[in-house]
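A short worksheet on the structure shown next.
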Amino acid sequence: PEPTETLVDMFDGVVSRHKRRIAVEFFGAQTTYDDLAEQVSRAAEGLRRLGVKEGDRVALVLPNCPQHVVAFYAVLRLGAIVVEHNPLYTDRELRHQFEDHGARVAIVWDSVYDTVDGFPADIGVQHIVAVDMTEALPFGKRLALRLPVPKARELRAAMTKRPKRRRFLSWSSLVESRRLSRRHARPTLDSVAALQYTSGTTGMPKGVVLTHRNLRANAMQCRAWVPGLREGDETFYAVLPMFHAYGLTVCLITAMSIGAKVVLFPRFDVGLVADASTSSPPTFLPAVPPIYDALTRSAGGKSKLDLSHVRFSISGAMSLPVSTVTRWEEATGGLLVEGYGMTESSPVSLGNPMGHTRRPGAVGVPFPSTRIRVVDPADPAVDREPGEPGELLVQGPQVFQGYWRRPDATAEALLADGWLRTGDIVTVSTDGFVTVVDRVKELIITGGFNIAPSEVEEVLVSHPDIAEAAVVGLARESGGEDVAAAVVLNAGAVFDPDALKEFCRARLARYKVPRRFVEADSLPRSLVGKVLRKRVREELFTARKPQPRG
Ligand code: ATP
Ligand code: MG
């Protein structure tokens with residue numbers, strides 16, 4: 001199915017069909033689709049008065065909250081471009097992104113206000129709209145969430161004293177405006193809707209340009225993938241951040257395209273999910289494997305966590321262990337499906353199962369209207385023999401337009417005819433199921449043979465003493481890389497590198513056995529829970545002095 005409507009038309013359609021239904025819920029406070037549309041219209045008018053017009057970027061630095069949803073659709077309404085940011089990013093990380101996209105207006109939660117206002121003058125932000133989290137969150141909740149202590153009042157006081165670099169506006173005054181009048185641009189299917197940054201697992205995050213067509217097509221594909229979604233009668237739990245492509249597509253777009261109720265969580269917390277589940281039990285819970293594990297651990301017994309209405313869940317962003325699927329499906333009685341994708345494919349492109357039987361360990365088959373190829377990573381014109389590992393290429397209506405202002409990176413990632421180089425090494429079975437092996441960039445080059453870190457990690461976590469493992473390559477002075485492993489031990493286990501080496505030797509070819517081991521308390525992970533091997537290398541290996549031999 002080809003998209004025929006923009007995200008704005010989609011939103012208008014759903015509002016007219018589901019006026020009185022609940023659109024969003026946040027700590028028990030509910031907003032209907034009608035009220036949401038009213039706020040979107042006012043916020044759009046407020047932004048128009050700040051000079052936002054077609055093609056402008058508007059930066060959002062917000063956790064999941066009702067204002068986030070309103071801001072998203074208000075920006076789109078003006079034909080402008082939403083740029084999402086991780087509100088827990090540091091000054092340096094945010095500054096890098098603001099330099100890159102050059103937004104004039106930023107909508108931020110109060111704790112980031114100072115950071116954005118403190119940017120040097122050559123960063124183009126002129127107006128900052130501050131969302132006061134205390135308006136939405138009771139004080140106790142805020143502390144329980146470990147969000148920064150409310151400082152809105154101090155902030156306002158400081159604003160009146162301090163020489164202002166930027167214009168300050170509170171969210172409530174932004175939405176005090178009248179409704180948007182008719183005189184404004186409307187986006188088309190090929191207008192840019194979002195500039196979405198990648199996770200930065202392998203380098204600095206890159207801005208991914210996605211059109212209304214890309215995002216609408218992906219929401220339609222996601223919908224076609226999940227059997228039996230009931231229009232106007234689902235409760236989606238948004239525990240994944242909406243500033244990440246995955247949370248955005250599933251909870252902000254797909255959920256709203258069918259008039260679902262979206263329960264918003266500013267961060268994942270088992271207690272908060274349990275609280276909400278007593279009055280608005282979830283029917284659909286998209287998340288990542290560590291979240292499913294945390295929820296199943298606490299379900300049952302005296303917990304008030306009610307998962308009995310969950311019919312579907314989608315896991316993505318990292319490989320999904322079979323044990324996680326089994327435990328989750330037992331706890332809920334619903335189906336857990338795995339999605340594979342990347343920000344550049346807005347974001348999902350494969351699903352498992354998808355009208356097929358499930359294949360444990362695989363990430364699935366291509367979405368409707370999506371084609372794939374497996375090629376030689378050194379020369380993507382050369383296709384691999386069936387069954388041979390190679391780099392996955394994807395083509396379809398969800399594939400992005402390019403990286404923002406990075407023609408070189410775009411030319412590398414987007415081949416002729418819109419084939420996207422995923423940077424992931426996969427194998428495809430004869431019946432079309434794709435299995436992810438590892439990232440091309442993280443393969444370890446020992447000289448001659450390449451090693452997929454995931455293969456070594458799998459062996460390590462099969463050791464009874466090891467809870468988690470991350471394997472990386474460390475550059476040798478003589479060229480090539482050494483295999484090194486960071487391990488997190490189970491409680492009570494003793495760190496014994498020689499025994500671990502012995503264990504690996506019995507299970508892996510000699511060149512794959514790690515030469516160095518370190519013990520870690522935990523592994524550095526991204527906000528959605530991916531192990532950041534780059535930081536493992538920097539923080540657990542190169543920063544350390546070589547261990548004395550002896
Ligand atoms: P960057 O591109 O900045 O280095 P990133 O690739 O982690 O960061 P995302 O676009 O969020 O940024 O993640 C996409 C990647 O996540 C994919 O290329 C793939 O490596 C991994 N991934 C996604 N889904 C799965 C899955 N189901 N199983 C295994 N890996 C997955
Ligand atoms: Mg990537």
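On a predicted model such as this, the values are computed, not experimentally measured, just so you know. What's counted below: heavy atoms across the whole structure, side chains too, no hydrogens, waters or symmetry copies. Order of appearance sets the numbers: ligands from 1, and atoms from 1 within every ligand.
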>> Considering Thr343, Val348, Thr198, Val440 one by one, which has a heavy atom nearer to atom 9 (P) of ligand 1 than any of the others?
In response: Thr343
>> Assess the residue pair Asp100 and Gln97 against the criterion (side chain to side chain donor-acceptor pair (under 3.5 Å)); give the C-alpha distance rounded to whole Å, side-chain angles, the decisive distance to 0.1 Å, and a yes or no.
In response: CA-CA 5 Å; Asp100 188 44; Gln97 297 185 345; over 6 Å; no
>> Is there a side-chain contact (heavy atoms from CB on, under 4.5 Å) between Thr435 and Val363? Walk through the geometry before answering.
In response: CA-CA 6 Å; Thr435 300; Val363 293; over 6 Å; no
> Which heavy atom of the protein is the closest neighbour of atom 4 (O) of ligand 1, given with residue, atom name and distance?
Replying inline: Thr202 OG1, 2.4 Å
> Within the side chain of Arg421, is there an N or O that forms a donor-acceptor pair under 3.5 Å with the backbone of Pro377?
Replying inline: yes
>> Less than 6.0 angstrom from the centroid, inside 45 degrees of the normal: does Arg507 satisfy that with respect to the ring of Phe503?
In response: yes
> Is there a side-chain contact between Asp376 and Arg384 (heavy atoms, below 4.5 Å)?
Replying inline: yes
>> Just to confirm my output: which protein heavy-atom neighbour is closest to atom 22 (N) of ligand 1, and how far is it?
In response: Ala317 O, 3.4 Å
> For the rings on His85 and Phe98, is their centre-to-centre separation under 6.0 Å?
Replying inline: yes
> Looking only at distance, does Gly200 have an N or O less than 3.5 Å from an N or O of ligand 1?
Replying inline: yes
> If you measure from each non-hydrogen atom of Thr201 to ligand 1, which part falls under 4.0 Å: side chain, backbone, both or neither?
Replying inline: both
>> Looking only at protein heavy atoms, which one is nearest to atom 13 (O) of ligand 1, and what is the separation?
In response: Lys530 NZ, 2.7 Å
>> Show me which atoms of ligand 1 lie under 4.0 Å from any heavy atom of Val363.
In response: 26 (C), 27 (N), 28 (N)
>> At under 4.0 Å between heavy atoms, is it the side chain or the backbone of Met318 that contacts ligand 1, or both, or neither?
In response: backbone
>> Give me the residue, atom name and distance of the protein heavy atom closest to atom 12 (O) of ligand 1.
In response: Ser199 N, 3.2 Å
>> I need the minimum non-hydrogen distance between Ser369 and Gln221, along with the two atoms involved.
In response: OG-NE2, 3.6 Å
> For atom 6 (O) of ligand 1, what is the nearest protein heavy atom, given as residue, atom name and distance?
Replying inline: Arg439 NH1, 2.9 Å
> Does ligand 1 have an atom that lies less than 4.0 angstrom from a heavy atom of Lys441?
Replying inline: no
> Considering only the protein, which heavy-atom contact is closest to atom 17 (C) of ligand 1, and what is its distance?
Replying inline: Asp424 OD2, 3.2 Å
> If you count the atoms of ligand 1 from 1 in the order shown, which ones are under 4.0 Å from a heavy atom of Glu338?
Replying inline: 26 (C), 27 (N), 28 (N)
>> Less than 4.0 Å is my threshold; does some heavy atom of Ala245 fall inside it relative to ligand 1?
In response: no
> Is any side-chain heavy atom of Phe268 less than 4.5 Å from a side-chain heavy atom of Val270?
Replying inline: yes
> At a 4.0 Å cut-off, with the gap strictly under it, does some heavy atom of Ser319 reach an atom of ligand 1?
Replying inline: yes
> Between Val337 and Ser313, is any pair of side-chain heavy atoms under 4.5 Å apart?
Replying inline: no
>> I need the atoms of ligand 1 closer than 4.0 Å to a non-hydrogen atom of His244, numbered in the order shown.
In response: 11 (O)
> Where do Arg439 and Thr202 land on the side-chain contact (heavy atoms from CB on, under 4.5 Å) test, with the steps shown first?
Replying inline: CA-CA 9 Å; Arg439 297 188 187 237; Thr202 56; 3.8 Å; yes
> Once you round to the nearest 0.5 Å, how far does CD of Glu330 lie from OG1 of Thr326?
Replying inline: 7.0 Å
> Closest non-hydrogen protein atom to atom 23 (C) of ligand 1, residue and atom name please, with distance?
Replying inline: Gly341 O, 3.2 Å
